[in-house]
Novice: 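Okay, here's the structure, questions in a sec.
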Number of protein chains: 2
Amino acid sequence: MDPNQSETRLRLLQAAGEVFAEQGFRKATIRDICSRAGANIAAVNYHFGDKEKLYASVLQHWLGEAMKKYPPDGNLPADAPARERLGAFVRSWLFRMLGEGTPAWHGKLMAREMSEPTAGFELLMSESVRPMAQRMNGLMKDLLGADADERMVRNCALSVAGQCCFYRHAHEMIRRLYPDHKNTPDQIEHLADHVTRFSLAAIEAYPRGKKDRSAVPSIQ
Amino acid sequence: MDPNQSETRLRLLQAAGEVFAEQGFRKATIRDICSRAGANIAAVNYHFGDKEKLYASVLQHWLGEAMKKYPPDGNLPADAPARERLGAFVRSWLFRMLGEGTPAWHGKLMAREMSEPTAGFELLMSESVRPMAQRMNGLMKDLLGADADERMVRNCALSVAGQCCFYRHAHEMIRRLYPDHKNTPDQIEHLADHVTRFSLAAIEAYPRGKKDRSAVPSIQ
DNA sequence: CTCCGTTTGAAACTCCCGTTTGAAACGATC
DNA sequence: GATCGTTTCAAACGGGAGTTTCAAACGGAG
């Protein structure tokens with residue numbers, strides 16, 4: 001009864017996720033999506049209004065699915081040690097971005113949205129990016145200790161985020177550079193392992209000395 | 001005389017760099033490019049053949065300009081200490097990706113090409129990505145020492161690369177998250193400073209103990 | 001059975017944009 | 001000054017794709 005649960009509506013969300021993820025918003029065609037969903041061209045208009053509204057629905061739908069499958073806290077209690085919480089955070093993030101299977105569209109859509117924002121960008125900002133950033137900043141404060149200033153917290157958070165996102169953003173590049181690179185579940189575990197170790201090592205050994213620029217000679 | 005230096009040809013390369021960088025290949029229209037270049041629609045066909053060949057020329061042109069302005073070795077002698085070479089490498093990379101001004105198109109084009117490869121992708125792989133990866137791997141070997149295996153070298157290289165690229169890929173996101181974030185030259189210096197410190201700290205404190213997974217508890 | 005709201009279907013409509021064309025302007029060479 | 005190669009111009013062509021339309025099928029309620 002509920003038109004939001006209609007059979008063809010769901011098939012459209014699925015097919016559109018697939019097509020938008022692999023082609024991008026502009027290159028994707030409604031005809032292709034409807035054909036894959038076994039629906040008529042007019043179905044998009046009927047169920048969503050137009051192409052852009054369909055896209056927004058797809059974004060929201062698969063974000064929800066991904067978050068449900070890989071929650072950001074990794075099912076870890078909030079009072080677990082910060083180092084473990086970082087590990088779980090990184091791990092779930094990588095799985096959300098790289099994991100294959102049904103909700104895999106999310107990572108690709110997100111990556112596209114980052115480098116080429118569309119009307120759905122604000123949605124992702126408020127429903128995904130901002131909460132994630134907040135969680136990450138809290139984690140960093142715990143790890144860096146009380147003597148870390150805002151700027152350092154932010155920088156370190158961005159360094160961790162950069163490592164995580166890179167495997168999605170630059171996936172095509174990495175694949176050509178290292179043909180044996182695959183995104184199988186156990187490979188992702190290894191990546192999470194590395195990113196966590198690398199980041200924890202960096203955070204704990206970060207040179208705190210004020211004005212100690214010796215490590216980074218300003219070149220000419 | 002040389003048709004490669006023709007006045008309107010150069011104006012087209014400039015305007016196309018601007019438009020492709022801010023709109024992407026598909027969204028950009030030849031009409032817009034020609035209008036900004038003060039040229040006729042047919043000029044693209046005449047000087048480059050078609051839209052795709054124009055795009056490839058733009059990619060190559062601005063890659064060359066960026067490399068000329070910010071060489072990957074940062075004008076540092078090849079026998080400089082590895083830590084300094086890493087600093088120079090990171091710094092020049094960030095400037096190439098983020099620096100404003102004329103050759104700024106390069107970074108944006110590159111970022112787009114990463115997340116949505118077109119026909120020009122192979123060009124970037126062979127002329128930019130592979131040489132950079134090789135340089136980076138050499139650096140990592142020097143920094144990690146002889147006991148580092150291939151996998152660790154690769155992982156650490158990707159961690160550094162991820163941090164650098166993130167500021168470009170996720171620029172729009174970072175800008176909304178932290179409105180004071182700007183890509184002015186001195187801000188870029190600070191970013192380079194942070195990325196270098198963070199990475200050097202991580203590399204030098206990276207837990208080497210085989211099988212020592214204690215730092216990264218595998219969460220259920 | 002009939003009615004009516006919901007959903008699907010095939011075709012047509014429009015607009016946008018890459019590309020082509022053929023003529024005109026220009027400039028150097030002889 | 002005539003000629004020829006090069007470059008520019010305005011206009012039109014052709015196809016692709018989002019959107020609209022209206023009729024047909026479906027399915028439950030009275």
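Convention: sequence-line order gives letters A, B, ...; per-chain numbering from 1.
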Novice: Keeping the roles fixed (side chain from B:Asp50, backbone from B:Lys53), state whether a donor-acceptor pair exists under 3.5 Å.
Specialist: yes
Novice: Quick check on the helix from C:dC1-D:dG30 to C:dC30-D:dG1: what's the angle between its two end axes, five base pairs per end, to the nearest 10°?
Specialist: 20°
Novice: Is the backbone N or O of A:Ala192 less than 3.5 Å from a side-chain atom of A:Trp93, with the two atoms forming a donor-acceptor pair by type?
Specialist: no
Novice: Has B:His194 got a side-chain atom pairing as donor or acceptor with A:Asn155's backbone, closer than 3.5 angstrom?
Specialist: yes
Novice: Which comes earlier along DNA chain C counting from the 5' end, the contact point of A:Arg11 or that of A:Arg26, where each point is its nearest nucleotide?
Specialist: A:Arg11
Novice: OP1 or OP2 of D:dT8 less than 4.0 angstrom from a side-chain nitrogen or oxygen of B:His47, does that happen here?
Specialist: yes
Novice: Rounded to the nearest Å, what distance is computed from the OH atom of residue B:Tyr46 to the P atom of nucleotide C:dA25?
Specialist: 17 Å
Novice: Within the structure, does a side-chain N or O atom of B:Thr29 lie under 4.0 Å from either OP1 or OP2 of C:dC16?
Specialist: no
Novice: Donor-acceptor pair, B:Arg168 side chain versus B:Ala111 backbone, under 3.5 Å?
Specialist: no
Novice: Taking A:Ala15's backbone N and O only, do any of them form a donor-acceptor pair with A:Arg36's side chain (distance below 3.5 Å, no angle check)?
Specialist: no
Novice: What is the distance, rounded to the nearest whole Å, between atom CD1 of B:Ile30 and atom P of D:dC9?
Specialist: 16 Å
Novice: Does the A:Ser92 side chain pair with the main chain of A:Phe89, one donor and one acceptor, at a distance under 3.5 Å?
Specialist: yes
Novice: Does anything in residues 8-32 of chain B pair up under ring pair (Phe, Tyr, Trp, His ring centres under 6.0 Å), and if so which pairs, sequence neighbours excluded?
Specialist: B:Phe20-B:Phe25, B:Phe20-B:Tyr55, B:Phe25-B:Tyr55
Novice: When you measure from the side chain of A:Ser199 to the backbone of A:Thr196, do you find a donor-acceptor pair of N or O atoms at a distance under 3.5 Å?
Specialist: no
Novice: Give a yes or no on whether a donor-acceptor pair under 3.5 Å exists between the nucleobase atoms of D:dG16, that is its base, and the side chain of A:Arg31.
Specialist: no
Novice: Considering residues at least two apart in sequence or located in another chain, which fulfil the side-chain hydrogen bond (donor to acceptor under 3.5 Å, both in side chains) criterion with B:Thr118?
Specialist: B:Glu113
Novice: Return the residues of residues 48-62 of chain B meeting this criterion: a heavy atom under 4.0 Å from some atom of DNA chain C. Order them by number, or give none.
Specialist: B:Asp50, B:Lys51
Novice: Considering residues at least two apart in sequence or located in another chain, which fulfil the salt bridge (charged side-chain N to carboxylate O under 4.0 Å, His left out) criterion with B:Asp180?
Specialist: A:Arg151, A:Arg154
Novice: Rounded to the Å, how far apart are A:Phe20 CZ and D:dA17 P?
Specialist: 13 Å
Novice: Round to the nearest Å and state the distance from A:Glu7 atom CD to D:dG27 atom C1'.
Specialist: 17 Å
Novice: Return the residues of residues 36-45 of chain B meeting this criterion: a heavy atom under 4.0 Å from some atom of DNA chain C. Order them by number, or give none.
Specialist: B:Ile41, B:Ala42, B:Asn45
Novice: In whole angstroms, how far is the P atom of D:dG18 from the CD atom of A:Gln23?
Specialist: 11 Å
Novice: Taking atom CD of B:Glu22 as the centre, does the number of heavy atoms from other residues, nucleotides or ligands within less than 6.0 Å exceed 12?
Specialist: yes
Novice: Just to confirm, is there a sub-4.0 Å distance from OP1 or OP2 of C:dT8 to any side-chain nitrogen or oxygen of A:Thr8?
Specialist: yes
